[in-house]
Amino acid sequence: MTFSILTFDKKTGTFAAAAATGSLCVGGWVLRGDIESGLVASQGTSPSTFWRDDVLRAMHGGQTARDAVEAVTSVDAGRGHRQLIALDRTGTTHGFTGGNSVPFAGHLARQGVAIAGNMLKGAEVLEAMDAAAQSCSEAADQRMLRVLNAARQAGGDSRGLLSAALLVLAPDRPPLDLRIDYSDDPIADLERLYDRTRKSPYFDWLGEVPVLQDKSCTPR
C-alpha cells in the first residue's frame with residue numbers, strides 16, 4: 001500500500017525520508033524520525049504504529065536498527081500483514097516484510113539506505129528508488145523528491161497515489177516535515193509545498209529556530 005525510503009548522509013549528519021501511498025495520510029501513519037535516534041517507516045495492510053514508535057525509542061536508547069526491528073517483529077502475531085524499515089543514528093539499517101504482505105512487497109536495506117514497498121507493480125519500483133538515491137548529487141530533501149518521482153515512473157503503487165510525505169532532519173537547520181494527505185497528484189503537490197519552504201517569509205524565519213548544533217539559538 002506504500003513505498004518509502006530512509007537515508008543517512010554521514011558527511012553532513014542529515015537524515016532524510018520520504019513516502020507515498022494510494023491511501024490517505026502517509027506521513028502521519030508511516031514516517032517517524034528523531035535526529036538523535038534515526039528514522040523508521042512502518043507500513044503494510046495492517047500497519048503497527050507501535051512498531052514504529054517502539055523501534056524509534058529503542059534506537060534512541062542505543063539499540064541498533066537490526067536489534068530493534070527484530071525485537072518488535074518477533075513477538076507480534078500479526079507480523080505477516082506488516083512491513084517495517086529502520087535506520088539508526090550510525091546509518092545502519094534493517095527491514096522486515098511480512099509473508100502475508102500484498103504483492104509485490106519487499107524491502108532493501110544497506111548502509112545508509114532502507115527502502116520498502118508493498119502492493120507495487122514489481123521489484124523494479126524498489127530498484128528504481130535505490131538507483132535514484134545513489135545517482136542523485138542534490139541535497140537530501142531534493143534527493144527524496146527525486147526518489148519519489150522515480151518510484152512513480154517505475155509503476156509505484158498499483159492503485160495510484162493519494163498522499164505523499166517528506167521528512168528531513170539535519171544538525172544545522174530545523175526539521176522539515178511536509179505532508180500531502182489527499183491529492184490527485186500528491187508528489188507534484190509535495191514538490192510545490194517544498195518550493196514554498198524555500199521562499200520568504202518562511203525561509204527567512206528558520207534562522208531564528210534552535211537546531212542540534214545550536215540549541216540556544218534566539219531571535220535576532
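The salt bridge (charged side-chain N to carboxylate O under 4.0 Å, His left out) analysis of residues 37-50, with sequence neighbours excluded, yields no pairs. The salt bridge (charged side-chain N to carboxylate O under 4.0 Å, His left out) contacts involving residues 166-181 comprise Asp141-Arg173, Asp177-Arg179, where partners must be two or more places apart or lie in separate chains. Residue pairs satisfying the ring-ring contact (aromatic ring centres under 6.0 Å, His included) criterion with at least one member in residues 13-47, sequence neighbours excluded, are listed as follows: Phe8-Phe15. Sorted by first and then second residue, the pairs that involve residues 74-97 and meet salt bridge (charged side-chain N to carboxylate O under 4.0 Å, His left out), not counting sequence neighbours, are Asp76-Arg82. Listed by first and then second residue, the salt bridge (charged side-chain N to carboxylate O under 4.0 Å, His left out) pairs that reach into residues 48-59 are Asp54-Arg57, sequence neighbours excluded.
Residues Val211 and Pro171 fail the side-chain proximity criterion, which asks for heavy atoms closer than 4.5 Å. Side-chain contact between Val113 and Ile5 is present, with at least one heavy-atom pair separated by less than 4.5 Å. In this structure, the side chains of Asp9 and Thr7 stay at 4.5 Å or more apart for every pair of heavy atoms. Annotation: side chain of Phe3 is in contact with side chain of Leu161 (closest heavy-atom distance under 4.5 Å).
Gln83 places a side-chain N or O within donor-acceptor distance of the main-chain N or O of Gly117, the cut-off being under 3.5 Å. Listed for the Thr92 side chain is no donor-acceptor partner under 3.5 Å among the backbone atoms of Ala65.
Going from atom CD1 of Ile115 over to atom OG1 of Thr93 covers 9.5 Å, rounded to the nearest 0.5 Å. The CD atom of Gln142 sits 7.0 Å away from atom CZ of Arg198, with the distance rounded to the nearest 0.5 Å. Ile180 CD1 to Glu191 CD: the interatomic distance, rounded to the nearest 0.5 Å, is 10.5 Å. Rounding to the nearest 0.5 Å gives a distance of 10.0 Å between CD1 of Ile187 and OG of Ser163. Separation of atoms CZ (Phe96) and CZ (Arg66) is listed at 13.5 Å; rounding is to 0.5 Å. To the nearest 0.5 angstrom, Leu31 atom CG is 11.5 Å from Leu56 atom CG.
Remark: Gln63 engages no residue in a side chain to side chain donor-acceptor pair (under 3.5 Å) (not counting sequence neighbours).
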- request: Apply salt bridge (Lys or Arg N to Asp or Glu O under 4.0 Å) to the pair Asp185 and Arg192, showing each step before the final yes or no.
  value: CA-CA 11 Å; Asp185 194 350; Arg192 281 189 283 271; 5.5 Å; no
task: Check step by step if side chain to side chain contact (heavy atoms under 4.5 Å, CB included) holds for Leu169 and Leu212.
output: CA-CA 10 Å; Leu169 306 170; Leu212 184 65; over 6 Å; no
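In the hydrophobic clustering of ILVMFWY residues, with side-chain heavy atoms under 4.5 Å counting as a link, Val30 and Leu145 come out apart. Ile35 and Leu39 fall within the same hydrophobic cluster, defined by Ile, Leu, Val, Met, Phe, Trp and Tyr side-chain heavy atoms under 4.5 Å apart, directly or through other members. Cluster membership for Leu167 and Leu148, using ILVMFWY side-chain heavy atoms within less than 4.5 angstrom, is not shared. When the side chains of ILVMFWY residues are joined at heavy-atom separations under 4.5 Å, either directly or via intervening members, Val125 and Leu84 end up in two distinct hydrophobic clusters. Placement of Val26 and Met119 in two distinct hydrophobic clusters is found when ILVMFWY residues are connected by side-chain heavy-atom separations under 4.5 Å, directly or transitively.
Enclosure of atom CG in Asp195 by more than 12 non-hydrogen atoms of other residues, nucleotides or ligands within 6.0 angstrom is indicated.
Side-chain polar atoms of Asn149 and Arg146 form no donor-acceptor pair below 3.5 angstrom. In summary, the side chains of Ser23 and Thr21 do not present any donor paired with an acceptor at a separation below 3.5 Å, with no hydrogens or angles considered.
Taking every heavy atom of both residues into account, Ala86 and Ala114 meet most closely at O-CB, 4.4 Å. Counting all heavy atoms, side chain and backbone alike, Met59 lies closest to Leu87 at CE-O, 3.4 Å. Here the shortest heavy-atom pairing between Ala18 and Met144 reads CB-CB, 3.9 Å. In terms of heavy atoms, Ala109 sits closest to Gly95 at CB-N, 4.4 Å. Contact detail for Tyr182 and Leu24: the closest heavy-atom pair is CD1-CD2, 3.2 Å. Across every non-hydrogen atom of Leu162 and Gly22, the tightest pair is CD1-O, 3.3 Å.
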